[in-house]
Amino acid sequence: QDKVTIGVSVPAADHGWTGGVNYFAQQAIDRLGATYPDVEFVFASAPDAPKQIGDIEDMVATRGIDALVILPGDPDAMTSAIKQVKDAGKFVTVVDRQLSIDGVEDLYVAGDNPGLGANSAEYFKQVMPEGGNIVILRGLPIPIDQQRFDGFMGGIEGTNITVLDDEFANWNRDDGFKVMQDFLTRFPDIKGVWAQDDDIALGAIEAIKQAGREDEMFIVGGAGMQQMLQRVQAGDKLVPIDVSYSPAMIATAIELTTSHFTGGIQVAGRYILDSTVITAENVEEFLDAESPF
Amino acid sequence: MVDAQETSVAPILSAHRVSKSFGEIPVLFSIDFDVRPGEVHAIIGENGAGKSTLIKILSGIEQPTSGSIAFDGQTVELPPDGKAEAMGIVLIHQELNLAEHLTVADSIFLGRELKRFGFLDTGEMRRRARAVMETLHVSVDPDARINTLSVADKQMVEIAKAISRDARVLIMDEPTAVLSVSETQTLFEQIKRLTARGVAVVFISHKLDEIMELANRVTVLRDGQLIATVGTQALTPDSIAQMMVGRELSNLYPPKHEPNVDAPVVLRVRNLDAATVKNISFDLRKGEILGFAGLIGSGRTAVAEAVVGLAQKSAGEVTLNGEPVNFTRVAQSVDAGVAYMTKDRKGKGLLLNMGLRPNLTLLTLKNHLRAGFLDTSSEDRALERAVRRFDIRARDASVAVGRLSGGNQQKLMLGKTMESDPDIIIMDEPTRGIDVGTKQQIYHIIAALAAEGKAVIVISSELQEVIGLSHRVVVMRTGRIAGVLEGAEITEEEIMRYAAGIKQSGHDERISA
Amino acid sequence: MSVSAPDIAAKPARGFRPDLKTIGPLVALALLILLGITLNENFLSYNNITNVLARSSFIGIIAIGATFVITSGGLDLSVGSMAAVIAGVMIMVMNWLIPSFGIGWSVILAGMAAGILIGGAAGIGNGLMITRGRIEAFIVTLGTMGIFRSLVTFLADGGTLSLNFQVADVYRPVYYDGLLGIPYPILVFALVAIGGEIVMRRTSFGRHCAAIGSNEQVARYSSINVDNVRLITYILQGILVGVAVLLYVPRLGSASSTTGVLWELEAIAAVIIGGTTLKGGYGRVWGTVVGVVILGLIGNILNLQSFISPYLNGAFQGVIIILAVLLQRGGRRD
Amino acid sequence: MSVSAPDIAAKPARGFRPDLKTIGPLVALALLILLGITLNENFLSYNNITNVLARSSFIGIIAIGATFVITSGGLDLSVGSMAAVIAGVMIMVMNWLIPSFGIGWSVILAGMAAGILIGGAAGIGNGLMITRGRIEAFIVTLGTMGIFRSLVTFLADGGTLSLNFQVADVYRPVYYDGLLGIPYPILVFALVAIGGEIVMRRTSFGRHCAAIGSNEQVARYSSINVDNVRLITYILQGILVGVAVLLYVPRLGSASSTTGVLWELEAIAAVIIGGTTLKGGYGRVWGTVVGVVILGLIGNILNLQSFISPYLNGAFQGVIIILAVLLQRGGRRD
Ligand SMILES: Nc1ncnc2c1ncn2[C@@H]1O[C@H](COP(=O)(O)OP(=O)(O)OP(=O)(O)O)[C@@H](O)[C@H]1O
Ligand SMILES: Nc1ncnc2c1ncn2[C@@H]1O[C@H](COP(=O)(O)OP(=O)(O)OP(=O)(O)O)[C@@H](O)[C@H]1O
Ligand SMILES: [Mg+2]
Ligand SMILES: [Mg+2]
């Protein structure tokens with residue numbers, strides 16, 4: 001069997017979740033590289049779409065890749081560039097984010113962003129049957145955020161749950177802290193906080209603790225960060241659940257792509273990883289002492 | 001002035017066979033120089049002769065390429081960057097050397113601030129700054145920022161800074177270039193006070209009468225060579241000039257040919273008001289040289305700047321060849337044939353980091369366009385012409401203008417102004433820092449321009465210059481015209497009377513004494 | 001023939017302009033506060049004011065360092081990344097010392113010492129490259145900005161470095177508690193500001209910074225050791241970044257590659273809003289403090305209302321920043 | 001010592017120092033190319049070279065505009081956000097015109113015109129606030145940076161604006177095709193660079209920019225309309241951002257709030273690596289081109305190897321940037 005080169009391109013580790021993506025990608029590469037000496041991996045991470053396109057162009061032009069595993073930072077912007085890789089006859093795996101035209105990728109491995117919003121909404125409905133006031137801390141104004149937000153708003157439609165305000169906290173702990181502080185100043189009555197991301201949630205938790213209002217409300221993050229899961233496990237009232245959206249999906253995608261070349265199995269199609277609600281009951285499955293995320 | 005007793009005193013600072021080259025270019029050749037406590041030792045020489053370079057070596061700013069410096073009889077290597085001040089060697093740089101953002105008091109004490117308990121003693125610094133400014137008869141607020149001061153006030157701040165230090169050797173590079181007679185006199189009083197206390201003074205000036213008045217000995221440099229060091233009593237201004245330029249220097253000022261009193265008025269200013277001047281009216285005729293005299297800060301620059309559109313007019317009218325004009329930008333006045341040459345060559349005249357060529361043509365770039373693009377060979381030709389006409393001496397055309405000797409910068413600025421081929425030329429201190437030889441050339445150029453039918457305004461603080469050149473003289477005082485002198489009235493005494501407010505046009509009697 | 005010139009009118013050194021320039025930022029601040037009051041009755045509450053001031057204190061302390069750097073004609077783009085590295089290393093040092101020192105203040109003090117040291121060292125690095133290497137400050141600190149940012153990402157393995165929970169609990173009060181009802185971060189910020197103001201106005205170092213920024217040559221000829229003063233401004237900046245991080249770490253107990261992103265821009269903006277000249281030569285620390293508070297209040301006010309779409313937060317910020325400076329430059333023409 | 005008059009002008013205008021300063025960036029470029037060759041045999045391949053140059057062209061074109069702004073003593077931090085707004089509006093205009101114009105070049109040309117117009121208008125806005133409002137360029141463009149960024153987020157409703165696919169297919173060749181084997185972006189970049197170099201060196205405008213950056217007062221006294229020249233540099237910058245976006249849209253076909261983030265820093269870095277002085281007074285366009293290519297190659301070279309952890313990319317970049325400038329400043333002391 002010939003040597004195979006697989007390119008892996010991900011966004012730069014500029015917040016918690018993408019940090020996790022970088023970590024799990026490199027882990028998978030190290031592991032699979034050791035297992036399959038004939039498979040060579042080329043790994044790159046880029047801070048923005050033009051750079052990421054540049055990365056995959058370089059992989060094709062100078063590294064002679066046979067397959068590309070890509071988590072596109074900005075899928076709309078990258079669709080045509082990824083299509084070019086496909087047109088050059090490479091095997092393409094797209095992770096997490098849907099390209100703007102269908103049929104480009106051979107393999108699609110993704111989480112479920114609208115599902116993350118909807119599942120979270122489901123929980124809010126469950127614990128707040130009477131309704132009540134909540135606030136929302138959003139990520140950055142990009143499509144993923146919009147999908148989660150729409151999923152959530154759709155989920156609580158028709159209930160008595162009132163969204164007092166939503167603000168961007170940029171998927172960042174510091175901003176989560178600031179925005180939550182100001183929400184607490186502004187609203188004397190908050191029953192729930194939907195932060196849709198664990199980094200934001202961790203910042204918000206500190207603000208809530210500072211205000212001494214941890215008994216008034218609960219907070220739901222997202223992505224399954226270990227620090228949050230430990231709280232869920234410990235039965236922290238403030239953090240009753242989390243919703244999974246694991247950055248480890250990149251590892252799954254790399255493994256599947258590798259096995260396409262090494263295992264003689266034709267791998268293709270769509271693998272959607274559910275955004276599972278993580279509760280004290282099922283948290284064990286998600287805990288991983290090794291993970292830095 | 002000089003006496004035998006002084007020559008017996010040992011020199012405090014001396015240079016032995018000092019040579020200096022910048023890169024490949026030698027600038028000073030084996031110079032011997034010394035200065036004794038209590039004497040004023042003047043250095044004179046043409047522009048670019050190496051005077052500033054020599055005193056920079058004497059104060060540690062530059063290191064000699066070869067040769068040695070002795071201080072108090074000991075051969076020393078002077079510390080760089082003005083640190084020699086700690087030894088008592090204080091330098092006033094040729095070009096203003098003040099930080100524009102600082103206040104007067106900050107500047108005077110920069111680098112040796114007064115402290116109390118480790119913190120700045122601003123009150124004391126302000127008090128002492130005011131005191132030293134007072135000894136110089138300058139009324140400048142110690143809290144004023146340097147960038148709000150006039151050039152002359154800045155120079156006085158520099159002088160105050162220098163004399164307020166505990167100098168044993170005070171070196172002054174053309175301190176009087178921007179000063180008028182009265183400020184110069186104040187400065188000389190202070191110098192005499194210092195020499196009486198045993199301070200050694202090295203003094204550079206292109207004004208030979210000042211040298212005659214102040215100096216005990218004179219050292220003449222020419223092209224980097226030491227020509228002679230002689231006692232002043234053995235000299236006359238003419239003999240100094242001859243040593244300097246190496247040839248007989250007759251008639252510094254060209255003969256004045258009588259202006260045509262019927263010549264048309266090319267520039268008429270009526271009741272002009274601007275920021276610091278009020279009710280200015282005067283006429284300028286074709287072929288005339290009109291002098292503007294007055295104390296520093298009397299508003300001569302302000303008038304010129306308001307006329308050419310550099311400063312805002314608040315009232316009054318200006319007519320050019322009978323047509324009313326209202327310049328709001330310099331480009332308009334240049335197009336109309338009126339050019340103004342600033343006295344502040346460092347701040348407003350030249351781009352110090354650029355070469356000769358872009359500086360020369362900056363005002364008149366559009367004369368060097370071919371098909372819309374700059375024609376550098378045309379610029380080169382212009383430079384060649386200017387270099388010849390104004391005798392500009394530089395190592396090569398690419399050298400940053402800031403590295404030229406002061407006088408050569410001035411000549412370049414003159415060239416730049418003349419490039420616009422103006423009909424009316426307003427020159428603000430045109431010979432600031434220029435050597436006698438070149439001065440003579442410039443005076444002849446000015447006279448020739450007038451003879452050609454151009455009209456020239458010469459703003460000058462050098463009375464001799466105004467008198468020697470002008471057909472008529474406007475004297476200004478505190479922002480107003482104090483009087484206009486003509487013909488035989490144009491004398492030093494008469495100008496000073498008007499300038500000091502002892503006399504005013506309209507009443508001939510003394511108002512006060 | 002010496003005529004004294006006493007009656008050359010003493011030109012008034014100050015006109016209306018410097019005044020406007022001085023009070024400009026204060027006016028902007030007052031207007032913002034008015035806006036805040038009309039938007040929300042809790043705006044002036046003890047909690048809100050202390051919240052805003054405490055969370056502005058990191059940028060504030062950093063910006064005071066930046067005031068010196070900028071006054072002396074320099075620039076430091078690396079402060080945000082530097083903060084991230086310092087936070088990361090502090091956390092690693094503390095976690096690593098726990099086995100030997102145990103949980104307690106000794107670990108925290110060691111971590112604090114490490115933070116200040118690293119800040120100082122980073123400042124020395126920047127300063128030496130700029131003064132001895134004679135490379136433009138913009139380039140050096142753009143370079144170190146990338147280097148520091150990479151370093152923290154590398155140390156955190158792309159993720160987050162978290163302080164041991166028990167230590168974090170001991171350390172927490174440094175951010176959240178205070179003296180006489182004033183949170184420590186605000187106290188430290190105030191102390192640094194007062195100290196900075198004194199250093200800027202009442203020591204030769206401050207004077208020399210302004211002189212160098214105004215005209216390096218003049219400063220050099222005045223026997224000021226230009227390189228050393230410059231170097232010290234960068235070291236001071238580094239140390240103050242360290243101080244800011246000492247207050248930052250107890251807040252969230254973590255550091256990641258997102259820590260301190262864009263702090264440099266915010267710090268520089270605060271300095272300039274406060275009236276310091278970007279090209280150097282004139283700086284004032286109290287102005288910087290006002291600038292920091294203005295920036296802090298803008299964010300706060302945005303969170304206290306629902307009229308402006310959150311998409312337009314940046315636009316609101318931009319407009320206020322321009323207006324704040326416009327106010328102080330009002331009608332100036334120079 | 002002093003040369004006699006006539007042959008001053010004729011003398012060659014260069015000494016030793018300007019030489020090092022001149023070839024500095026070229027040496028850095030040559031070293032990078034050598035490194036690239038040793039790392040990968042495909043480095044010099046036609047594909048790789050055209051890839052790198054084509055994708056550097058956006059920043060390149062913007063940086064050429066920035067060269068003028070910086071040479072005349074200004075700064076424009078808003079270019080990245082401006083690019084995002086222009087891209088967004090271009091896409092909206094094109095999508096909106098499809099019903100009336102149909103799919104085809106007419107829509108694209110209309111979009112291009114809109115892009116250039118908006119760029120120019122944004123430049124006018126920046127320029128007027130700076131020259132007429134007399135607000136520091138740093139503050140104005142920091143403000144408009146926030147405003148533009150918000151605007152594109154608002155227009156895209158927090159998401160992405162995508163160009164209609166059929167139009168995108170027609171437009172695509174503008175990025176991906178070329179003439180005689182040279183991709184259009186490279187051609188446009190080259191044309192803008194040559195034009196920029198000529199304007200900088202051979203027109204009064206270029207000379208005036210340098211004069212203003214060197215000493216504004218001297219420029220004013222030399223009858224240069226300082227405000228207008230400044231204004232024009234910002235308009236030129238805006239238009240060139242527009243041109244860059246004309247090439248960017250066919251490549252990405254979309255715009256969002258993340259488009260063009262940090263381009264301003266990259267553009268300024270390229271300008272300064274190229275030898276232009278940040279404080280103004282001296283600028284060279286070809287140097288900027290070299291700076292852009294250096295920055296482009298750094299990214300490319302990082303992709304040619306697998307030794308350096310991608311976490312450390314930023315550190316590598318930082319080190320190269322500092323070294324590139326160190327090379328040209330080598331041993332200089334002024
Ligand atoms: N830093 C420098 N680099 C290169 N050449 C220099 C430098 N400084 C001075 N020169 C050259 O040295 C020569 C002597 O200059 P210097 O300033 O000493 O003349 P000067 O006698 O003071 O003239 P002036 O009367 O015009 O002030 C000039 O040709 C000048 O161009
Ligand atoms: N206090 C002031 N306010 C406004 N403008 C001033 C002030 N002082 C000086 N200026 C302007 O600065 C310029 C130069 O001033 P400077 O004092 O050098 O010249 P001047 O007052 O005209 O005196 P001189 O007679 O010596 O030329 C002039 O345009 C003047 O109007
Ligand atoms: Mg001289
Ligand atoms: Mg809101």
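Here is how names work: the chains are called A, B, and so on, in the same order as the sequence lines, proteins then strands, and each is numbered from 1.
Here the closest non-hydrogen pair linking D:Leu326 and C:Ile135 is CD1-CD1, 3.5 Å. Of all the heavy atoms in C:Ser150 and D:Ala315, the pair that sits closest is OG-N, 2.7 Å. The shortest heavy-atom contact between D:Thr277 and C:Glu136 is CA-OE2, 3.9 Å.
Between chain C and the options D:Asn313, D:Leu323, D:Ile268, heavy-atom pairs under 4.5 Å are most frequent for D:Ile268. Here C:Leu278 is the residue among C:Leu142, C:Leu278, C:Ile321 with the most heavy-atom pairs under 4.5 Å with chain D. When the candidates D:Gly146, D:Ala137, D:Ser81 are compared by the number of heavy-atom contacts under 4.5 Å with chain C, D:Gly146 comes out ahead. Ranked by heavy-atom pairs shorter than 4.5 Å toward chain D, the options C:Leu77, C:Val152, C:Leu265, C:Thr144 are led by C:Leu265.
Counting only heavy atoms from C-beta outward, the side chains of D:Ile147 and C:Gln317 never approach each other to under 4.5 Å. When side chains are defined from C-beta on, C:Tyr311 counts as touching D:Asp157, because their heavy atoms get closer than 4.5 Å.
Residues satisfying the salt bridge (charged side-chain N to carboxylate O under 4.0 Å, His left out) criterion with D:Arg230, sequence neighbours excluded, are D:Glu216. Under the rule for a salt bridge (charged side-chain N to carboxylate O under 4.0 Å, His left out), the partners of D:Glu266 that lie at least two apart in sequence or sit in another chain are A:Lys51.
The CG atom of C:Leu312 lies 7.5 Å from the CG atom of D:Leu151; values are rounded to the nearest 0.5 Å.
Counted within 6.0 Å of CZ on D:Phe154, heavy atoms from surrounding residues, nucleotides or ligands total 12 or fewer; the atom is thus considered open.
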